[in-house]
Amino acid sequence: MKSEQWTVDSNQWAVEKNSGLKFFLQTVIARAYPRIIGQQREKSWMFFDIFLPLLAVSAYVFVYRAIGAPEEYVGFVVMGGAMTAFWMNVLWSMSSQLYWEKEMGNLALYIMAPNSMMAILLGMALGGMVATLLRALAITLLGSWIFDIPYAVVSFGQLFLVFMLAMVALYGMGMLFASLFLLLSREAWHLSNLAQEPVYLFSGFYFPIKSFNFWVAMSASIIPLTLGLDAMRQLVFPSGAALGFLSIPVEMGILSGLCVVFLTAAKLLLAYMEKLAIREGRLTESRR
Amino acid sequence: MNLAIHTQNLGRIYKIRGGKKTEPKELEALRDVDLEIPRGELFGLLGPNGAGKTTLIKILTTLLAPTSGRAWVTGFDVTKDSHKVRARINMVSGGEASGYGLLTVRENLWMFSQFYGIPSKEANRRIKQLMEVVGLGDRLNTKSSDLSTGLRQKMNIVRGFMTNPEVLFLDEPTLGLDVGASRDVRRFIRQWIDEDHFRTLLLTTHYMVEADELCDRVAIINEGRVLACDTPANLKRRLQQDAIFKMEVSPLNGLNVDSFEGLPGVRKAIHVPKDGTAELDLILEKDDALGGVVNMMTSNDVHILNLHKREPTLEDVFVDLVGRSMEEVEAGEE
């Protein structure tokens with residue numbers, strides 16, 4: 001170290017620190033940064049997050065075409081395949097994020113800093129959402145080009161709104177899971193494994209949810225992607241409305257409710273987790 | 001007095017869960033700790049692993065609630081006003097792997113600066129300046145996963161200092177570092193505290209030399225209790241009247257520390273077996289007592305290979321207070 005260069009003094013560093021909403025947003029952006037920028041640096045994501053999901057999509061497309069299913073189903077599959085990226089991101093990355101932050105030693109630093117933990121969690125969600133959006137868009141564009149999907153968008157405004165509601169509700173659920181998985185520690189892996197395939201089925205990633213019994217489809221609507229995907233399909237495919245489960249306004253209403261429920265629950269559980277961490281001293285301790 | 005850190009009867013009991021049918025056990029990690037650390041002081045907590053140093057730091061940094069007593073940092077209660085405390089402190093732990101390996105050093109540091117509300121432009125200016133100071137000016141754009149342990153610890157040090165905290169907590173900051181890097185970190189720490197008398201630093205270490213060289217005052221802690229608290233010089237002065245010898249001898253041939261401690265005038269003996277030889281540290285009431293030690297060795301065919309009298313160290317103070325060396329205490333923990 002170069003002691004002769006030591007010129008740092010508190011007077012020189014006397015700057016007004018940000019506070020209130022500005023500080024909150026600053027924290028959100030800073031925590032989103034590693035996901036938005038850092039995750040793109042490992043180029044393997046193109047193979048694992050785009051090429052492999054496209055293979056799964058292709059399998060369903062070939063099955064539908066082989067049995068002579070309506071051509072709209074091919075579009076449904078491509079859109080479902082793209083939205084799968086968000087579900088995978090929430091299930092495997094967002095949900096276990098606080099657990100990994102603990103293992104890396106970051107969680108204690110997050111709690112000890114004067115920022116809001118909710119801002120940290122929102123930053124993780126925002127970062128994950130933006131990074132995954134890139135993957136979902138790539139799957140949609142490539143899938144549409146390869147399988148020549150026809151689109152007939154009814155309303156871009158409604159489409160954007162439905163997508164955003166589905167994302168906020170989904171990542172709100174991810175934020176809730178993040179605290180829950182931290183409390184459950186390693187057991188959480190089993191929950192992720194348990195949830196992955198059933199959600200593929202019940203959320204109708206590769207077929208219209210209307211195919212189910214009403215109450216099965218209604219129960220599956222607790223997963224925000226179920227109604228989000230259904231409403232988006234109604235808005236972008238020529239015969240989407242005929243294959244839709246509920247009307248778009250109803251689906252948007254339910255999605256709005258899910259946003260409030262998941263975000264409120266996430267905030268409450270996060271506050272409980274932080275209290276428990278400080279009371280017991282275990283949750284911030286890495287095993288290493 | 002303008003205190004940076006103040007604790008009163010501070011205690012922490014952990015409940016350790018057993019199996020489903022067994023009652024949780026209690027482990028007392030801290031007991032009745034009273035400390036008064038004025039602003040501008042570099043204060044050391046010296047003790048073996050498991051002594052309670054990290055528990056105390058966790059309480060003071062608002063990461064852990066005490067189960068008894070109270071603590072204030074910069075005048076604010078750590079449990080009731082934790083948010084005010086957090087805005088004024090920072091902490092760096094030895095061997096921590098915080099941040100994200102895919103981000104560069106500059107990006108990681110920038111991210112942490114944002115969690116303290118520092119405007120982005122100012123944060124980048126501080127990062128550049130501090131990275132130059134720690135000799136990492138050319139590593140700003142290196143991915144943090146590509147840094148060696150020593151360089152990574154320097155990055156962590158910058159993370160702690162860049163928010164310009166009123167009180168900085170360093171938990172074993174030189175753990176795992178080589179001699180050169182440790183010396184650099186110690187020099188950096190000393191300069192930081194000397195440069196502004198409003199700054200306070202609490203450092204935990206189990207390296208005696210580090211505490212002796214760096215700290216204005218040292219508290220020796222073991223089994224959750226503060227056994228002594230004073231300047232390193234005053235602590236060593238407690239043993240000034242004793243004669244302290246270090247011997248290198250051939251294997252002890254059945255003799256042990258009890259054999260020596262049973263001799264008149266021998267207050268304490270520490271035996272460290274080496275490869276083919278042994279080291280013996282003796283705290284004697286007077287020089288004369290050495291004769292009895294030498295006679296016992298001669299009659300047991302133990303050869304003295306090296307012998308010298310030395311000044312008391314903080315290690316000797318620890319032995320005097322605890323009855324065992326820090327290594328022996330740590331070995332007992334395992």
Side-chain angles (χ1 to χ4, degrees), chain A residues 1-20 22-35 37-42 101 103-116 119-120 123 275 277-286 288, chain B residues 12 14-15 29 55 58 61-65 79 82-91 93 95-103 107-108 110-120 122 126 129-130 132-135 143 154 159 161-164 184-185 187-188 191-192 195-196 198-199:
Chain A
M1 295 191 189
K2 301 164 187 171
S3 55
E4 70 277 9
Q5 290 183 16
W6 180 251
T7 56
V8 177
D9 66 70
S10 52
N11 291 329
Q12 194 187 352
W13 281 16
V15 289
E16 189 77 17
K17 287 182 180 174
N18 294 328
S19 58
K22 199 171 180 187
F23 181 28
F24 188 90
L25 293 175
Q26 182 180 19
T27 304
V28 172
I29 292 166
R31 184 55 194 85
Y33 184 89
R35 290 196 156 190
I37 303 299
Q39 275 191 356
Q40 316 311 322
R41 291 194 174 138
E42 291 283 354
E101 299 290 6
E103 291 297 297
M104 290 159 67
N106 289 333
L107 187 59
L109 298 179
Y110 291 158
I111 292 179
M112 197 191 67
N115 56 29
S116 146
I120 292 277
K275 236 182 225 175
I278 290 168
R279 196 177 68 211
E280 295 199 358
R282 285 184 303 116
L283 293 182
T284 53
E285 216 154 68
S286 111
R288 287 181 295 164
Chain B
R12 172 73 206 190
Y14 288 107
K15 283 197 173 142
T55 298
K58 279 188 168 181
T61 54
T62 76
L63 288 174
L64 183 67
T79 45
S82 57
H83 200 73
K84 287 177 180 162
V85 172
R86 289 170 186 176
R88 291 163 173 81
I89 63 168
N90 209 332
M91 176 177 74
S93 303
E96 71 174 54
S98 57
Y100 301 95
L102 282 171
L103 296 187
E107 288 169 331
N108 267 310
W110 170 81
M111 182 189 75
F112 281 111
S113 75
Q114 301 305 286
F115 302 155
Y116 286 78
I118 302 171
S120 208
E122 171 64 13
R126 288 184 190 185
Q129 188 179 9
L130 281 173
E132 289 288 340
V133 171
V134 300
K143 273 191 199 168
K154 285 183 178 180
R159 181 187 58 68
F161 285 78
M162 73 180 170
T163 59
N164 198 25
D184 284 351
V185 167
R187 190 191 305 158
F188 181 84
Q191 282 171 337
W192 186 80
E195 204 258 343
D196 183 342
F198 198 67
R199 292 169 174 162

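First the proteins, then the strands, lettered A, B, ... as listed; each starts at 1. Worth knowing before you read on, the calculation uses all heavy atoms, side chains too, and leaves out hydrogens, waters and symmetry mates.
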Practice item. Check Gly105(A) against Ser98(B) and note the closest heavy-atom contact, atom names and distance. Key: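 Looks like O-CB, 4.4 Å.
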Review point. Phe23(A) and Tyr116(B): which non-hydrogen atoms are nearest, and at how many Å?
Key: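 Heavy atoms only, the tightest pair is CE1-C, 3.7 Å.
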Practice item. Against chain B, label Tyr110(A) side chain, backbone, both or neither, depending on which of its atoms sit under 4.5 Å from a heavy atom there. Key: side chain
Review point. What part of Thr27(A) lies closer than 4.5 angstrom to a heavy atom of chain B: side chain, backbone, both or neither?
Key: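 Its backbone and side chain both get close to chain B.
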Exercise for review: For the pair Glu107(B) (side chain) and Pro34(A) (backbone), establish whether a donor and an acceptor sit closer than 3.5 Å, ignoring hydrogens and angles.
Suggested key: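 Judged by distance alone, no pair lies under 3.5 Å.
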Check your understanding: Under the 3.5 angstrom rule, does the side chain of Arg31(A) hit a backbone N or O of Phe115(B) as a donor-acceptor pair?
Key -> no
**Study point:** Contact check, side chains of Leu103(B) and Arg41(A), non-hydrogen atoms, under 4.5 Å
**Key:** yes
Practice item. State, with a plain yes or no, whether a side-chain heavy atom of Asn18(A) is found less than 4.5 Å away from one of Gln114(B). Key: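 Result no, sub-4.5 Å side-chain heavy-atom pair not found.
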Distance, nearest 0.5 Å, that separates [atom1] of [X] from [atom2] of [Y]:
X	Y	atom1	atom2	value
Lys17(A)	Ser113(B)	NZ	OG	10.0 Å
Met111(B)	Ile37(A)	CE	CD1	13.5 Å
Glu280(A)	Leu64(B)	CD	CG	10.5 Å
Asn106(A)	Phe112(B)	CG	CZ	4.5 Å
Lys58(B)	Met112(A)	NZ	CE	12.0 Å
Arg86(B)	Ile111(A)	CZ	CD1	7.0 Å

Practice item. Check whether more than 12 heavy atoms from other residues, nucleotides or ligands sit under 6.0 Å from atom NZ of Lys143(B), and answer yes or no. Key: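 Counting neighbours around NZ of Lys143(B), more than 12 heavy atoms of other residues, nucleotides or ligands fall under 6.0 Å, so yes.
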Practice item. Name the region of Asn90(B), side chain, backbone, both or neither, that has any atom closer than 4.5 Å to a heavy atom of chain A. Key: both
Check your understanding: Given that the side chain runs from C-beta out, which part of Arg159(B) has a heavy atom under 4.5 Å from chain A: side chain, backbone, both or neither?
Key -> side chain
Study note, to complete from the structure: Looking only at Leu102(B), Thr62(B), Thr79(B), the option with the highest number of non-hydrogen pairs under 4.5 Å against chain A is Leu102(B)
Check your understanding: Does a side chain donor of either Glu101(A) or Tyr100(B) reach within less than 3.5 Å of an acceptor in the other side chain?
Key -> yes
